[in-house]
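Worksheet for the structure shown next.
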Amino acid sequence: MASSLFFFLTLLLLSVISAVTPCPPSERAALLAFKAALIEPYLGIFNTWSGTDCCRSWYGVACDPTTGHVTDVSLRGESQDPMFQKLGRSGYMTGKISPEICNLSNLTTLVVADWKAVSGEIPACVASLYSLQILDLSGNRISGEISADIGNLRSLTLLSLADNEISGKIPTSVVKLIRLKHLDLSNNQLSGEIPYNFGNLAMLSRALLSGNQLTGSISKSVSKMKRLADLDVSSNRLTGSIPVELGKMRVLSTLKLDGNSMTGPVPSTLLSNTGMGILNLSRNGFSGTIPDVFGSGSYFMVLDLSFNNFSGRIPGSLSASKFMGHLDLSYNHLCGTIPIGSPFEHLDAASFSNNDCLCGNPLKAC
């Protein structure tokens, strides 16, 4: 009985000690240096960063309850937090991300997102935060290049640098982020090619690379990504053809290649893939006939093949589609009678305009 009581009291004492464990002074100093490099004039979130214990009531800061080490710095300018709702506005912040943030060696989450005007470069030392699982710096004015050592962050599951002014190439080391599930580098100024071994990111479910200046072609290694559901490389400068292997990906449901300079035919497997729900190939140089491979399992929320060089007839099998939410075949070289059937009943003339010789509802009669 006595030994059981001693064991219980020991556990209780440890829990009390851990509950009052403050963050280390060095980490508090790092946070204050990080704060000093930023200016947030409207919400006053940094007014909470006072006192000796940064683990207690510091807005956006969280710590390990046992060790007291800072694990999370999460500051998002668009938030449902009562502080934001009370003032009825989203956040606005200027300044830079201080390298002092790298002194938080136990950091698992770093979010400084949607503040509109945080600028400067990503400190190179961020690539040494080996425990980092979430890195989200999207929605700012951050410039410079992505560190060549980004691949050192082997625990990373989310990397979002979207909507910034980042330039340079996508580092080849990014393919070492084997736990990465979400990658968003969209709307920056990235150039060069998508890393050839991009398909090594076996855990990736979303790859958003649109709105950059990427060149080269899409590697067939992408087809190795068995969990990839969303691939968006629209509005770049990509060339080459669509790898046939993409049409055989069972999980891929959204594929956006629009606004590039890609050419060649469309693989029939891409259109017959019953898991494909959003397919946008518009504003490229694709040619040949549209494969007649649709069926009762076809369910397209969006099928956009406009502004290409497709010729021949509109596939009659489109009439058998289970659902066709938005179809755009305009600005091609199609000819013949538009098929009839429920998928076509809600479409207007704009979906078929500017072809060579299409006719039938909703265009003029044949």
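Along the sequence shown, the residues carry numbers beginning at 1. The model shown is predicted, which means the values in this text are computed figures rather than measured ones.
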Rounded distance (nearest 0.5 Å) linking atom CG of L329 with atom CG of N354: 12.5 Å
Heavy-atom pair of closest approach, residues F34 and E100: N-CB, 4.5 Å
Euclidean distance, T71 OG1 relative to L132 CG, rounded to 0.5 Å: 11.0 Å
Heavy-atom check, side chain of L190 versus side chain of L209, under 4.5 Å: no
Aromatic plane relationship, Y331 with F307 - under 30° parallel, 30 to 60° tilted, over 60° perpendicular: parallel
Backbone of G247 reached by a side-chain donor or acceptor of N273 within 3.5 Å: yes
Atom NZ of K96: over 12 foreign heavy atoms under 6.0 Å: no
Min side-chain heavy-atom separation S311-N332 under 4.5 Å: no
Short side-chain to backbone donor-acceptor contact, N355 and C357, under 3.5 Å: no
Heavy-atom side-chain contact between L110 and V112 under 4.5 Å: yes
Verdict with supporting geometry, T108 and D72, side-chain hydrogen bond (donor to acceptor under 3.5 Å, both in side chains): CA-CA 6 Å; T108 61; D72 293 29; 3.2 Å; yes
From CA spacing to verdict: salt bridge (charged side-chain N to carboxylate O under 4.0 Å, His left out), R76, D136: CA-CA 9 Å; R76 190 175 295 278; D136 186 353; 2.9 Å; yes
Whether F300 and F294 hold their rings parallel, tilted or perpendicular, with breakpoints at 30° and 60°: perpendicular
Atom of R206, atom of L228 and distance for their closest heavy-atom approach: N-CD1, 4.0 Å
Y92 vs I39, side chain to side chain contact (heavy atoms under 4.5 Å, CB included): CA-CA, chis, key distance, verdict: CA-CA 9 Å; Y92 182 83; I39 300 173; over 6 Å; no
From CA spacing to verdict: side-chain hydrogen bond (donor to acceptor under 3.5 Å, both in side chains), N106, S131: CA-CA 6 Å; N106 294 277; S131 297; 5.4 Å; no
Audit row: D258, R283, salt bridge (charged side-chain N to carboxylate O under 4.0 Å, His left out) steps and yes/no: CA-CA 6 Å; D258 49 296; R283 300 183 185 276; over 6 Å; no
Euclidean distance, L358 CG relative to C335 SG, rounded to 0.5 Å: 6.5 Å
Over 12 foreign heavy atoms within 6.0 Å of CZ, F323: yes
Single-linkage hydrophobic cluster, 4.5 Å side-chain cutoff, L208 and L255 together: no
Nearest-0.5 Å distance, CG of residue N260 to OG of residue S210: 10.0 Å
Side chain to side chain contact (heavy atoms under 4.5 Å, CB included) between Q189 and Q213, intermediate numbers included: CA-CA 6 Å; Q189 300 166 14; Q213 301 164 20; 4.2 Å; yes
Check against side-chain hydrogen bond (donor to acceptor under 3.5 Å, both in side chains), D64 and H69: CA-CA 5 Å; D64 185 297; H69 287 301; over 6 Å; no
Evaluation steps, side chain to side chain contact (heavy atoms under 4.5 Å, CB included), between I242 and L281: CA-CA 10 Å; I242 302 175; L281 308 182; 4.1 Å; yes
Between NZ on residue K176 and CG on residue N200, distance to nearest 0.5 Å: 11.0 Å
Side-chain touch W58/R28, heavy atoms, less than 4.5 angstrom: yes
Neighbour count above 12 (heavy atom, 6.0 Å) for K169 NZ: no
Heavy-atom side-chain contact between M324 and L303 under 4.5 Å: yes
K181 atom NZ: more than 12 heavy-atom contacts under 6.0 Å: no
Under 3.5 Å donor-acceptor, S221 side chain and Y196 backbone: yes
Nearest heavy-atom neighbours spanning A127 and D149: CB-O, 3.5 Å
Heavy-atom pair of closest approach, residues I142 and N164: N-OD1, 2.9 Å
For I101 against V73, the heavy-atom pair lying closest together: CD1-CG2, 4.3 Å
Worked check of side-chain hydrogen bond (donor to acceptor under 3.5 Å, both in side chains) between D304 and S306: CA-CA 6 Å; D304 193 340; S306 63; 2.7 Å; yes
Shortest non-hydrogen contact between G68 and C55, atoms and distance: O-SG, 3.3 Å
Check SG atoms, C63 and C54, less than 2.5 Å apart: no
Pairwise side-chain contact, D232 with T254, heavy-atom cut-off 4.5 Å (strictly under): no
Exam field: side chain N187 to backbone A162, donor-acceptor pair closer than 3.5 Å: no
pair I218-V222: side-chain heavy atoms closer than 4.5 Å: yes
Heavy atoms from other residues, nucleotides or ligands near CZ of R154 exceed 12 (cutoff 6.0 Å): yes
Evaluation steps, side chain to side chain contact (heavy atoms under 4.5 Å, CB included), between E40 and L75: CA-CA 11 Å; E40 191 284 292; L75 305 174; over 6 Å; no
Exam field: side chain S351 to backbone L327, donor-acceptor pair closer than 3.5 Å: yes
Nearest-0.5 Å distance, CZ of residue F286 to CG of residue L305: 9.5 Å
Side-chain heavy-atom pair I134, T157 within 4.5 angstrom cut-off: yes
